[in-house]
Participant: 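Below you will find the structure I want to go over with you.
Here is how names work: the chains are called A, B, and so on, in the same order as the sequence lines, proteins then strands, and each is numbered from 1. As a basis for the values below, the full set of heavy atoms in this structure was taken, side chains included, without hydrogen atoms, waters or symmetry mates. What you see is a predicted model, and the numbers here were worked out from it, not measured in a lab.
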Amino acid sequence: MKRYNPKVIEPKWQKVWDETKIYQATDPLSSGKSKPKRYVLEYFPYPSGAAMHVGHVRNYTIGDAVARYGRMRGMNVLHPMGWDAFGLPAENYAIKSAISPQEAVARNIAHFKEQLMQMGFSYDWSREINSTDPNYYKWTQWFFLLLFKRSLAYQQVSPQWWCPFDKTVLADEQVENGRCWRCGNEVERKNLKQWFFKIRDYADRLDKDLDKVNWSPAIKAMQRNWIGRSDGMLFEAPVKGTKIKLKTFSAHFEAFRADTFVVIAPDHPSLPELVKGTKDEKKVLNFAEEILKKRVKQGFTDEEHVEGIFTGRYIEDPVGNGDLPIWVASYALAHYGTGIVKCSAHDERDFRFAKKYNLRLKPVLLPADQKEAKKVRDQKYCYSDMVNGILAEPEEFAGKRAGDVRQKIVKYLVEQKLAKPQISYKIRDWLISRQRYWGAPIPIIHCPKDGAVAVPEADLPVVLPEMKSYEPSGDGHSPLARVAKFVNTKCPKCGGLAERETDTMDGFACSSWYFLRFADPHNQTKAFDKDKAEFWLPVDDYIGGAEHAVMHLLYARFWTKVMFDEGLIGFDEPFSTLRNQGMILAPDGRKMSKSYDNTIEPDELIEQGYGADSIRLMELFIGPWNQSANWSVEGLGGTFRFLQRVWALVEDFLETDAKAKAHNDELAVQIKRTVHRTIKRVSQDLDELGFNTAIAALMECVNELYKLKSDRNFELAQSAWEEGFIALSQLLAPFAPHIAEELWADLGQSGSVHVSKWPAWDKALVKEELITIAVQINGKIRAEIEVSADTAEEAVVEAAKNDARVKTALAGKAIKKTFYVPSRLVSLVTD
RNA sequence: GGGCGAGUGGCGGAAUUGGCAUACGCGUACGACUCAAAAUCGUAUUCCUUCGGGAUUGUGGGUUCAACUCCCACCUCGCCCACCA
């Protein structure tokens, strides 16, 4: 008998699939075909030098199963793959390996692609893209200019997070606990002129439109939290003895009559003006500087350690709180709200601050409980329940529950012209420029006369020049600043001498539109054709880990909305369904990483003889696709054994003499029943991505077929066996494509199993003839009875009552109530 | 501190959404084959048991004829965010 040897059959079929191009998506515009489309996408990888391990493989295996199933269900499937190759990881790898990034990327892509190929994923390689290809980044630059044109890209000098190791600025999202997300080094604060995208202008839509998409609640919550919408009121008050008016934002304005002091952020741009002319002007400004330095070093972790200083100024509060002193406070943030806050006894931080500096407090929000209320009035603790608290002031709302009158207070404040409604967001504009070599150059020319001028579209792409030494300088400029030929140019507007922008774009710019390029990857004149984009997009299944929740996914949504506003596309959400797969951890329960030396690569496993099919099966069988799991080498042995059993069964059949000696109808029906029940289970499971249970169903099916085989013989039901095996190879196809294809061919089927029509189940065959009914007496199972499936309720209940064990258990007691769950159980209740 | 999720055998997990808890796989034990081992095939495998049964889905309570599933309280673990007014 032919031995099951993945090392032979897997490369063989990979080659055939590549040559016959069966996984290419059809652009309906040219073919006129009208199959329903399905766009299945996995995050395109950045080939950084770290090889693909079994954790990554799960991502692609899930996508591939979805794509293959869709194809067999008659859909026109787009399942593309490409490379997100600009950015720090690739450049750092190149520096370490002492080669050029171009060379490093080519090398890493080749390795990664080989790894994907040997797993047998059904990608349409004719659409392969690479973000570092000038044909691609030409359009990344084009989109930068689109944002520039729409006044969504701007330059500003501001203090930025700076990574001293990577020698570049980082976006807020890329700073984790004061450390660089890439190298883990502590970040510093530096004043730099940087490019930003105005993602804040889209905060409202980015928040609201989450309602439109089918994403996991967890990811939606993370995005909502990051955007941080907060509905509140904006107050304004004059500063005594000056012409300055200060604005303050409050989301918990219900207790506005409790405000007793004001705090301003130490880095607030208005602080110097505010303290100008006061006695302690210098002292206050120096103190603010000190606070800032400490804050960068220590972060905000130390809750007890609040600090502040009186500015010497007061506001005249128009809402009836009198004159309130203005303090600089370490906990006030310049970039949130207005950077200035009116403070009260009902905010924990304010409360703590007031206690430390002996500031006046006046609680007006009290607990319903009288004893507790007294404690609050005596300022024993901070009470901040804005829902259940009872207001004491103002008179109009005295005695009312804060949560009940919130909207009325809004109305009151507006009518009295004391404040106006205001929405605040936590999200800050997207810092896009990087002082690194390996990125798409920002297509801007700085002219002494005309300022920042867009590179004309005809001059795109601005090609990244090759450099021998491309290491970051650390002086705040990218290495491109050292290439005179690149820098020196002419102004497109006035023709005078000018200099090119030398910063490159954040790698997330490239990935903010790549899903659109896959719809039309070779277009030389446009980023993509509108009709093609609108046919394929939005992405139907976007599959990837949760690590992209607040960066890539937010940026991609932002760009899509800009394109929508520009009329480039007719949809404003790029990913209709997002599926977050669970992470595969190492057998030791930790994340797989080079530093732990616990990564498991598919290459090794394939080399050991398990084969891609067993690995793929294990990735899905290990647990629900969206839950994390520890990789298990023993488990892999299990899926390999399963495939071997399938193989042995089918090959054994094929070697049996085809001339039937006799025919056994009963056996044939049993085989068909087994197979058709499995078709039903696998189909229904796959419709809901129940990969693990679908595979369990296939295993059960094979176990049952083994039993049928050992009892009787292949000769006795030749055609039933054959039909069954053909269906089985189809059911295996989305999970284990190589063995499925081999068996399909061995069974004499023409073409590829992967473009065959998914089998349908026969309702009559799936229906059970005899069913087992459990009999409960007072909630306990006391017996089981067998009845034919079409027995009427009365007859089933009667049969249950007549069962010997039931009679014993009843012991003559009268039955008070009877419940019948069709084809499941009878429940009898006695007194 | 805020948000999200999860707790089921020795282990990964299943349970048609309120209807026979522990499917499927791993591991383990025994048997068959073998001179032997591996591989393979088969049988058993939640726990306790005086073999009649009894207990069991993190803990305690509730609803119900019936609860892993619904409600209330609590415990534990994981992930994300966090001086955001």
Participant: Can you tell me whether the side chain of A:R681 and the base of B:U16 have a donor-acceptor pair closer than 3.5 Å?
Facilitator: no

Participant: Do A:W327 and A:F353 have ring centres separated by under 6.0 Å?
Facilitator: yes

Participant: Nearest of B:C81, B:C24, B:C83 to any side-chain atom of A:N225?
Facilitator: B:C81

Participant: Pick the P atom in B:U63 and in B:U43, then give their distance to the nearest Å.
Facilitator: 46 Å

Participant: Between B:C41 and A:R645, is there an OP1 or OP2 to side-chain N/O distance shorter than 4.0 Å?
Facilitator: yes

Participant: Could you pull out the protein-nucleic contacts involving nucleotides 4-13 of chain B (nitrogen or oxygen on both sides, under 3.5 Å)?
Facilitator:
unit_1 : atom_1 : unit_2 : atom_2 : d
B:G12  : O2'    : A:I622 : O      : 2.6

Participant: Using the six-membered ring wherever Trp is involved, compare the ring planes of A:Y381 and A:Y383 and label them parallel, tilted or perpendicular (cut-offs 30° and 60°).
Facilitator: perpendicular

Participant: List the steps and the verdict of side chain to side chain contact (heavy atoms under 4.5 Å, CB included) for A:V319 and A:L418.
Facilitator: CA-CA 6 Å; A:V319 303; A:L418 298 174; 3.9 Å; yes

Participant: Looking only at side-chain atoms of A:K780, point me to the closest of B:G42, B:C65, B:A55.
Facilitator: B:A55

Participant: Without decimals, in angstroms, what is the distance between A:I227 CD1 and B:A82 P?
Facilitator: 14 Å

Participant: Under 4.0 Å, counting only non-hydrogen atoms across every strand here, what does A:K817 touch: a base, just sugar-phosphate, or nothing?
Facilitator: sugar-phosphate

Participant: Where does the angle between the aromatic ring planes of A:W430 and A:Y555 fall among parallel (under 30°), tilted (30 to 60°) and perpendicular (over 60°)?
Facilitator: parallel

Participant: With a non-hydrogen cut-off below 4.0 angstrom, is A:S216 in contact with a base, only sugar-phosphate, or nothing?
Facilitator: nothing

Participant: Under 4.0 Å between any heavy atoms, over every strand shown, what does A:S827 touch: base, sugar-phosphate, or nothing? Just pick one.
Facilitator: base

Participant: Check every strand shown and say whether A:R224 touches a base, only sugar-phosphate, or nothing at a heavy-atom separation below 4.0 Å.
Facilitator: nothing

Participant: Side chain of A:W226 only, heavy atoms from C-beta on: which candidate in B:A23, B:A82, B:A85 is closest?
Facilitator: B:A82

Participant: Rounded to whole angstrom, note down the P distance from B:G27 over to B:A38.
Facilitator: 13 Å

Participant: Starting at atom CZ of A:F640, determine the distance to atom P of B:G25, rounded to an integer number of angstrom.
Facilitator: 16 Å

Participant: Salt bridge or not between A:K709 and A:D652? Use side-chain N to carboxylate O under 4.0 Å.
Facilitator: yes

Participant: Give me the distance, rounded to whole Å, that separates B:U22 from B:C11 when you measure between the C1' atoms they each carry.
Facilitator: 13 Å

Participant: Report the residue from A:R557, A:R229, A:R224 that forms a salt bridge (Lys or Arg N to Asp or Glu O under 4.0 Å) with A:D207.
Facilitator: A:R224

Participant: Base, sugar-phosphate alone, or nothing: which one does A:G779 contact when heavy atoms must sit under 4.0 Å apart?
Facilitator: sugar-phosphate

Participant: With nearest nucleotide decided by heavy atoms, which residue, A:G637 or A:Y336, maps closer to the 5′ end of RNA chain B?
Facilitator: A:G637

Participant: Taking atom C1' in both B:G9 and B:C79, compute the distance separating them and give it to the nearest angstrom.
Facilitator: 27 Å

Participant: Distance check, P atoms only: B:C68 and B:U16, in whole angstrom units.
Facilitator: 13 Å

Participant: Side chain of A:E634 only, please: which of B:G27, B:C81, B:A85 is the nearest?
Facilitator: B:G27

Participant: Are A:E700 and A:R681 within salt-bridge range, i.e. N to O under 4.0 Å?
Facilitator: yes

Participant: Cation-pi check for A:Y706 against A:R645: NZ or CZ below 6.0 Å from the six-membered ring centre and within 45 degrees of the axis, yes or no?
Facilitator: yes

Participant: Specify the residue among A:A697 and A:A251 whose closest nucleotide of RNA chain B lies further upstream toward the 5′ end.
Facilitator: A:A697

Participant: Using a 4.0 Å heavy-atom cut-off, does A:G228 contact any base of the nucleic acid, only the sugar-phosphate backbone, or nothing at all?
Facilitator: nothing

Participant: Could you measure between the two C1' atoms, the one in B:U56 and the one in B:G7, and give it in whole Å?
Facilitator: 15 Å

Participant: What's the CG-P distance between A:N703 and B:C26, to the nearest Å?
Facilitator: 10 Å

Participant: Provide, to the nearest angstrom, the distance between the CD1 atom belonging to A:I781 and the C1' atom belonging to B:C20.
Facilitator: 5 Å

Participant: Over how many whole Å does the gap from A:F353 atom CZ to B:A85 atom C1' extend?
Facilitator: 14 Å

Participant: Please list all pairs passing the salt bridge (Lys or Arg N to Asp or Glu O under 4.0 Å) test where one or both residues lie in residues 617-633 of chain A, with sequence neighbours left out.
Facilitator: none

Participant: Looking only at the aromatic ring of each residue, does the gap between the centers of A:F261 and A:Y357 stay below 6.0 angstrom?
Facilitator: no

Participant: Please report the distance separating the P of B:A32 from the corresponding atom of B:C77, rounded so that it comes out in whole Å.
Facilitator: 49 Å

Participant: How would you label the contact of A:G582 with the nucleic acid (heavy atoms, under 4.0 Å): base, sugar-phosphate, or nothing?
Facilitator: nothing

Participant: Figure out the CD/C1' separation between A:E348 and B:A82, and round it to whole Å.
Facilitator: 13 Å

Participant: What's the NE2-C1' distance between A:H335 and B:A85, to the nearest Å?
Facilitator: 12 Å

Participant: Rounded to whole angstrom units, what separation is found between the CG atom of A:L554 and the P atom of B:C80?
Facilitator: 18 Å

Participant: If you only use heavy atoms from C-beta on, which nucleotide in B:C65, B:C20, B:C84 is closest to the side chain of A:R349?
Facilitator: B:C84

Participant: What stems show up for RNA chain B when you take Watson-Crick pairs (N1-N3 plus N6-O4 or O6-N4) and G-U wobbles (N1-O2, O6-N3), both under 3.5 Å, and require three or more consecutive pairs?
Facilitator: B:1-7 with B:75-81, B:10-12 with B:24-26, B:27-32 with B:40-45, B:46-48 with B:53-55, B:58-62 with B:70-74

Participant: After noting the C-alpha distance and the side-chain angles of A:L585 and A:W631, does the key distance pass the side chain to side chain contact (heavy atoms under 4.5 Å, CB included) rule?
Facilitator: CA-CA 6 Å; A:L585 304 167; A:W631 184 256; over 6 Å; no

Participant: Under a 3.5 Å cutoff, is there a donor and acceptor pairing between the side chains of A:D685 and A:T693?
Facilitator: yes

Participant: Give the nucleotide from the list B:A15, B:C20, B:C84 with an atom nearest to the side chain of A:E784.
Facilitator: B:C20

Participant: Measure from the side-chain heavy atoms of A:Q776 and tell me the nearest of B:C65, B:A85, B:C24.
Facilitator: B:C65

Participant: Quick check on B:G12: syn or anti? Syn means the glycosidic torsion is within 90 degrees of zero.
Facilitator: anti

Participant: By the rule that syn is within 90° of 0, classify the base conformation of B:U76 as syn or anti.
Facilitator: anti

Participant: Between B:G19 and B:G58, how far is it from one C1' atom to the other, in whole Å?
Facilitator: 24 Å

Participant: Between B:G54, B:G42, B:A14, spot the one nearest the side chain of A:T693, thanks.
Facilitator: B:A14

Participant: Looking at A:K591, I'd like to know if its NZ atom is crowded, meaning that more than 12 non-hydrogen atoms belonging to other residues, nucleotides or ligands lie closer than 6.0 Å.
Facilitator: no

Participant: Are OP1 or OP2 of B:A85 and a side-chain N or O of A:S230 less than 4.0 angstrom apart?
Facilitator: yes

Participant: Tell me whether B:G9 sits syn or anti, counting syn as a glycosidic angle within 90° of 0.
Facilitator: syn

Participant: Stacking here means centres under 5.5 Å and planes under 30°; does A:F819 stack on B:C65?
Facilitator: yes

